[in-house]
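What you see is a predicted model, and the numbers here were worked out from it, not measured in a lab.
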Amino acid sequence: MKKLWPLPLALLALALSACTGSQEPPLPALVAMGGEGEVRFFRARDLQGGTPNPVGTWNTPSLQDLAHSQTFGRLYLLFPDRLEAYPTSGFTETSVPNDPSVVQALPVDCTGGYLRLGQNKLLVHCPGTQKAFLFGLPDPGTPEEADLTGLDPASRLALLPQEGLDLLAYLAPGALGFRPAEAPGATPRLEKPLNPPLQTPWDLRADGQGRLLGLGTTPTEVRLYTLQGEEVPSRKVLADFPRPSRLALDPVGGGVAYGQGFQVLFPRESPVQRQFDTYTAGLVGQDGYLYLVQGQALEVYDLVPSPPLFLRSRNLGFSPTTLAFIPVE
């Protein structure tokens with residue numbers, strides 16, 4: 001039986017010709033894993049059921065984050081002092097050419113920073129210096145500084161595509177909203193209070209369907225906030241512990257919250273899974289598989305069944321902190 005999608009997801013899945021979970025032949029793809037000063041590339045199908053030997057390894061000291069844009073065919077690597085862009089058009093299941101098209105210096109120290117892709121922009125957030133920068137895609141040029149006036153230093157940032165613009169979205173301890181990145185007082189903008197407020201915001205993502213999903217902890221639990229239209233409903237997710245938590249989203253593959261255990265959010269919500277395990281990195285691929293890191297182990301789940309089906313756990317020999325899914329020819 002094939003997976004049944006809500007109409008918008010079905011159309012997007014058809015447009016991307018993505019295969020889903022165990023119901024179809026494997027989608028040719030690589031999973032990039034960054035951490036401990038290197039990026040290792042694995043065939044997705046090997047992680048699902050074969051022998052997961054890297055098809056390539058890059059030496060990347062001080063790597064902070066990585067992100068892949070399928071629209072622009074680029075893999076972006078963030079370092080404390082620079083941003084690098086690599087064309088992925090030459091990537092295959094057996095080769096990952098290490099040939100950056102751009103190496104762009106950053107104006108501040110971005111240790112502890114992270115990347116968020118928008119429709120036409122790439123956001124680099126450097127929380128340690130309370131700075132954020134926008135770069136044009138596909139090949140980043142001179143950075144444009146985002147105006148963070150009035151935002152709590154603990155805020156998590158993302159980009160929300162809306163009517164051709166990439167708006168600056170933010171999850172603060174007391175509010176979830178968006179506004180133009182370089183003109184906070186301009187329109188379109190919206191801010192909604194959080195009820196209950198957060199002690200620590202952990203993650204913020206646009207889901208590709210016009211919604212903002214924010215994840216954070218109160219003194220007693222992990223809560224998910226969803227901004228769509230004028231409403232911000234919230235609910236408890238994950239296990240009964242206020243632990244660091246993250247989101248892994250793909251508009252085709254689905255959405256998952258993870259940290260102390262994990263929980264599928266869409267397209268079909270699941271109960272909390274593995275609530276006594278701690279996950280530190282995660283990825284939902286267009287292939288409908290969930291990849292979760294626990295220490296040096298990678299767990300793979302098929303998201304077609306509900307609850308998700310555990311496939312296998314593999315020892316990677318290192319502890320990645322950031323993952324990216326890269327479809328290849």
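- In this structure E36 satisfies the salt bridge (charged side-chain N to carboxylate O under 4.0 Å, His left out) test with no other residue, sequence neighbours excluded.
- Note on residues 171-181: no pairs pass side-chain hydrogen bond (donor to acceptor under 3.5 Å, both in side chains), not counting sequence neighbours.
- When hydrophobic clusters are built by joining Ile, Leu, Val, Met, Phe, Trp and Tyr residues whose side-chain heavy atoms come closer than 4.5 Å, directly or via intermediates, V222 is not grouped with V272.
- The six-membered or imidazole ring of F325 lies away from that of Y289, with a centre-to-centre distance of 6.0 Å or more.
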Show me the side-chain donor-acceptor pairs of residues 199-206 shorter than 3.5 Å, one per line, residues at least two apart or across chains.
residue, atom, partner, partner atom, Å
W202, NE1, T217, OG1, 3.1
D203, OD1, R116, NH2, 2.8
D203, OD1, R205, NE, 3.4
D203, OD2, R205, NE, 3.4
D203, OD2, L247, N, 2.8

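- In the hydrophobic clustering of this structure, V31 groups with V300; members are Ile, Leu, Val, Met, Phe, Trp, Tyr whose side-chain heavy atoms approach within less than 4.5 Å, directly or through other members.
- Legend: side-chain hydrogen bond (donor to acceptor under 3.5 Å, both in side chains) pairs involving residues 136-155, not counting sequence neighbours, sorted by first then second residue: R74-D139, S101-D139, K131-E145, D147-T149.
- Among residues at least two apart or in separate chains, side-chain hydrogen bond (donor to acceptor under 3.5 Å, both in side chains) pairs with a member in residues 308-329 are D65-T322.
- Contact of the P161 side chain with the L165 side chain is not registered, since no non-hydrogen atoms from C-beta on lie closer than 4.5 Å.
- R274 is linked by a salt bridge (charged side-chain N to carboxylate O under 4.0 Å, His left out) to nothing, counting only residues two or more places apart in sequence or in another chain.
- No cation-pi contact links R246 to Y279, judged by a cut-off of 6.0 Å to the six-membered ring centre and 45° from its axis.
- Residue pairs satisfying the salt bridge (Lys or Arg N to Asp or Glu O under 4.0 Å) criterion with at least one member in residues 192-202, sequence neighbours excluded, are listed as follows: K192-E230.
- Screening residues 160-171 for side-chain hydrogen bond (donor to acceptor under 3.5 Å, both in side chains), with sequence neighbours left out, gives Y170-E191.
- The disulfide bond (SG atoms under 2.5 Å apart) analysis of residues 252-311, with sequence neighbours excluded, yields no pairs.
- The salt bridge (charged side-chain N to carboxylate O under 4.0 Å, His left out) test applied to D277 returns no partner, not counting sequence neighbours.
- Under a 3.5 Å cut-off, the side chain of T187 and the backbone N or O of R189 do not form any donor-acceptor pair.
- For A248, the side chain to side chain contact (heavy atoms under 4.5 Å, CB included) partners at least two apart in sequence or on another chain are Y258, V284.
- With respect to R235 and E269, a salt bridge is recorded, a charged nitrogen being found less than 4.0 Å from a carboxylate O.
- Residues satisfying the side chain to side chain contact (heavy atoms under 4.5 Å, CB included) test with Q104, not counting sequence neighbours, are V102, F135, P143.
- Q273 contributes a side-chain N or O that, together with a main-chain N or O of P271, makes up a donor-acceptor pair within less than 3.5 Å.
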